[in-house]
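Taking it in order: structure first as structure tokens, then the write-up.
Everything quoted here is computed from the prediction, not taken from an experiment. Position 1 is the first residue of the sequence, and the numbers go up from there. All heavy atoms count here, side chains included; hydrogens, waters and symmetry mates do not.
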Amino acid sequence: DVSGPPARSDAQMAFDAAGGVTVLFGGGTGNGRAADTWAYDGTRWRRLEVEGPPARNLAAMAYDTRRERLVLFGGSGDGGARLDDTWEFDGRAWKRVHAGGDGPAGRGAHGMAYDRAAGRILLHGGWDGEATRGDVWSWDGSTWTLLGDDGPPRLHAAVGFDPGREALVVHGGFGQEGREDSTWLWSHGGWSPSSHRGPARRAEHEGVWFDDAGFLIFGGIWGDGMASSDRTKSADTWLLTEAGWSLRNGVAAGAPNEPPLPVDVALALRGHNGRSPINVSANGEWIAHTVEADDRVPRGGSYAYSDT
């Protein structure tokens, strides 16, 4: 198993802190949806010979720290059926703990994260086969509880939990009119939009919360359209803190395709708008990106920001 799982997409993966391994389940392969479980210990992959949930992709999975088990909900099963079952994995065996029917509607491409303050799993959004959802549910190990259904409808968003603000963080994803660039926080029963501008609109990216750092996102498909021709992949990394978004690596998706700024010019401009992350090249001679995606920096003449 050194080579690891076969190629796939839309699988579910989360870190099992008690077992000290990252667990992967399911996903879509060239031969259809998968139902295998794999563990990665930082050195090698190992297939776990356990019987688990039926084959699926587009499910969501998160680790319940208090109860030391992974929780998996929903996804897309055989024939594209939207599933509404809940499974838990304790590092040794999978167990179906909720058959569905009185919890979240069957769905795929939703997000889940662990709420440390309340000791529960939170679920948001997804596609139920007819509509994009904006509801929030909690799982306490035995019961699903609806916490609200008036949130921003999203699927394929990046989702995490900010323990400092005790807030579920949702960035981007597909809304009702295409890809989004907004960031929303859900805390104590209410939604609030973040005022910080950041990454270009995108979906199908990944997000994870890092203690003492913030909410980190990577990649995704960016742009405005819904057609396959609009599926431009991105390779930028962004970090959200209380101070706002900052580009941490790569060139921002959607940034003007213009020559880079010399270091001395970029450093002189930096701070004029109070929000300009910079990445210096390896040889220290130029700046890969100094402004937000929609800003335009003159490349000749005065090198000055406008008032806006």
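In this view, R82 satisfies the side chain to side chain donor-acceptor pair (under 3.5 Å) rule with no residue, not counting sequence neighbours. Not counting sequence neighbours, H156 has no partner by the side chain to side chain donor-acceptor pair (under 3.5 Å) test. Every residue meeting the side chain to side chain donor-acceptor pair (under 3.5 Å) condition with R202, not counting sequence neighbours, appears here in chain and number order: S234, D236. Legend: residues meeting side chain to side chain donor-acceptor pair (under 3.5 Å) with D16, ordered by chain and number and at least two apart, are absent.
Counting heavy atoms from C-beta outward, D211 and P163 have side chains that approach closer than 4.5 Å. Between P199 and I217, the closest side-chain pair of non-hydrogen atoms falls below 4.5 Å. No side-chain heavy atom of H124 sits under 4.5 Å from any side-chain heavy atom of W184. Side-chain contact check for R116 versus T65: every heavy-atom pair is 4.5 Å or farther apart. Annotation: side chain of L58 is not in contact with side chain of W127 (no heavy-atom distance under 4.5 Å). Looking only at side-chain heavy atoms (C-beta outward), L72 and E88 stay at 4.5 Å or farther from each other. By the 4.5 Å heavy-atom criterion applied to side chains, H98 and P104 are not counted as neighbours.
Separating the OH atom in Y63 from the CG atom in L70 is a distance of 7.0 Å, to the nearest 0.5 Å. Annotation: the span from R197 atom CZ to D181 atom CG amounts to 8.0 Å, rounded to 0.5 Å. Separation of atoms OG1 (T237) and CG (L239) is listed at 10.0 Å; rounding is to 0.5 Å. Summarising the geometry, atom CZ belonging to R56 is positioned 7.0 Å from atom CH2 belonging to W87; distances are rounded to the nearest 0.5 Å. Annotation: the span from F161 atom CZ to L168 atom CG amounts to 7.5 Å, rounded to 0.5 Å. Expressed to the nearest 0.5 Å, how far CD of E51 lies from CD of E49 amounts to 11.5 Å.
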Original post:
Step by step, would you call L48 with F89 a side chain to side chain contact (heavy atoms under 4.5 Å, CB included)?
Top reply: CA-CA 12 Å; L48 304 181; F89 183 66; 3.8 Å; yes
Original post:
Are T183 and L240 close enough, and set up right, to give a side chain to side chain contact (heavy atoms under 4.5 Å, CB included), and what steps lead you there?
Top reply: CA-CA 10 Å; T183 305; L240 175 65; 3.9 Å; yes
**OP:** Evaluate side chain to side chain contact (heavy atoms under 4.5 Å, CB included) for D36 paired with R47, printing each intermediate quantity in order.
**Re:** CA-CA 8 Å; D36 48 352; R47 181 168 181 170; 3.5 Å; yes
**OP:** Before giving the answer on side chain to side chain contact (heavy atoms under 4.5 Å, CB included), spell out for D150 and W191 the whole-Å C-alpha distance, their side-chain angles and the decisive distance to 0.1 Å.
**Re:** CA-CA 8 Å; D150 60 348; W191 286 97; 3.9 Å; yes
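Between the side chain of R8 and the backbone N or O of P6, at least one donor-acceptor pair lies under 3.5 Å. Without hydrogens or angle criteria, R133 side chain to A131 main chain gives no donor-acceptor distance under 3.5 Å. Remark: side-chain polar atoms of D78 are not paired, donor with acceptor, to backbone N or O of A81 under 3.5 angstrom. Side chain of S187 to main chain of E166: a donor-acceptor pair is present (N/O by atom type, distance under 3.5 Å, no hydrogens or angles). For the pair D64 (side chain) and I121 (backbone), a donor-acceptor distance under 3.5 Å is absent.
Pairs of residues two or more places apart, or lying in two chains, that qualify as ring-ring contact (aromatic ring centres under 6.0 Å, His included) and include a residue from residues 100-120 are F73-H110. Within the structure, salt bridge (charged side-chain N to carboxylate O under 4.0 Å, His left out) pairs that include any residue of residues 95-114 comprise R107-D135 (at least two apart or interchain).
In terms of heavy-atom proximity, M61 sits nearest to A14 at CE-N, 3.7 Å. Summarising the geometry of F15 relative to T22, their closest heavy-atom pair is CD1-OG1, 3.5 Å, with the distance given to 0.1 Å. Here the closest non-hydrogen pair linking A213 and T241 is O-CG2, 3.2 Å. Of all the heavy atoms in A157 and G172, the pair that sits closest is CB-O, 3.5 Å. Closest of all the heavy-atom pairs between A105 and D84 is C-CB, 4.2 Å. Nearest heavy atom pair, residue F174 against residue R179, reads CE2-CG, 3.5 Å.
M13 and L123 fall into different hydrophobic clusters, where Ile, Leu, Val, Met, Phe, Trp and Tyr are joined by side-chain heavy atoms under 4.5 Å apart, directly or via other members. Note on V170 and V136: same hydrophobic cluster, where clusters join Ile, Leu, Val, Met, Phe, Trp and Tyr whose side-chain heavy atoms are under 4.5 Å apart, directly or indirectly. Placement of W137 and V97 within a single hydrophobic cluster is found when ILVMFWY residues are connected by side-chain heavy-atom separations under 4.5 Å, directly or transitively. There is a path of hydrophobic side-chain contacts, each under 4.5 Å, that joins W245 to L247. Put simply, W209 and L185 are part of the same group of oily side chains (I, L, V, M, F, W, Y) that touch within less than 4.5 Å, one to the next.
N31 CG: 12 or fewer foreign heavy atoms inside a 6.0 Å radius.
Checked against the 6.0 Å centroid criterion, the rings of W94 and F25 qualify as a close aromatic pair.
Between the side chains of W139 and T86, not a single donor N or O lies within less than 3.5 Å of an accepting N or O. With no hydrogens or angles considered, a side-chain donor-acceptor pair links S76 and R33 at under 3.5 Å.
Using a 4.0 Å cut-off between a side-chain N of Lys or Arg and a carboxylate O of Asp or Glu, D90 and R69 do not qualify as a salt bridge.
The aromatic rings of W38 and W45 stand perpendicular to each other, their planes meeting at an angle above 60°, with 30° marking the opposite boundary. Classified by interplanar angle (parallel below 30°, tilted 30° to 60°, perpendicular above 60°), the ring pair H205/H171 is perpendicular.
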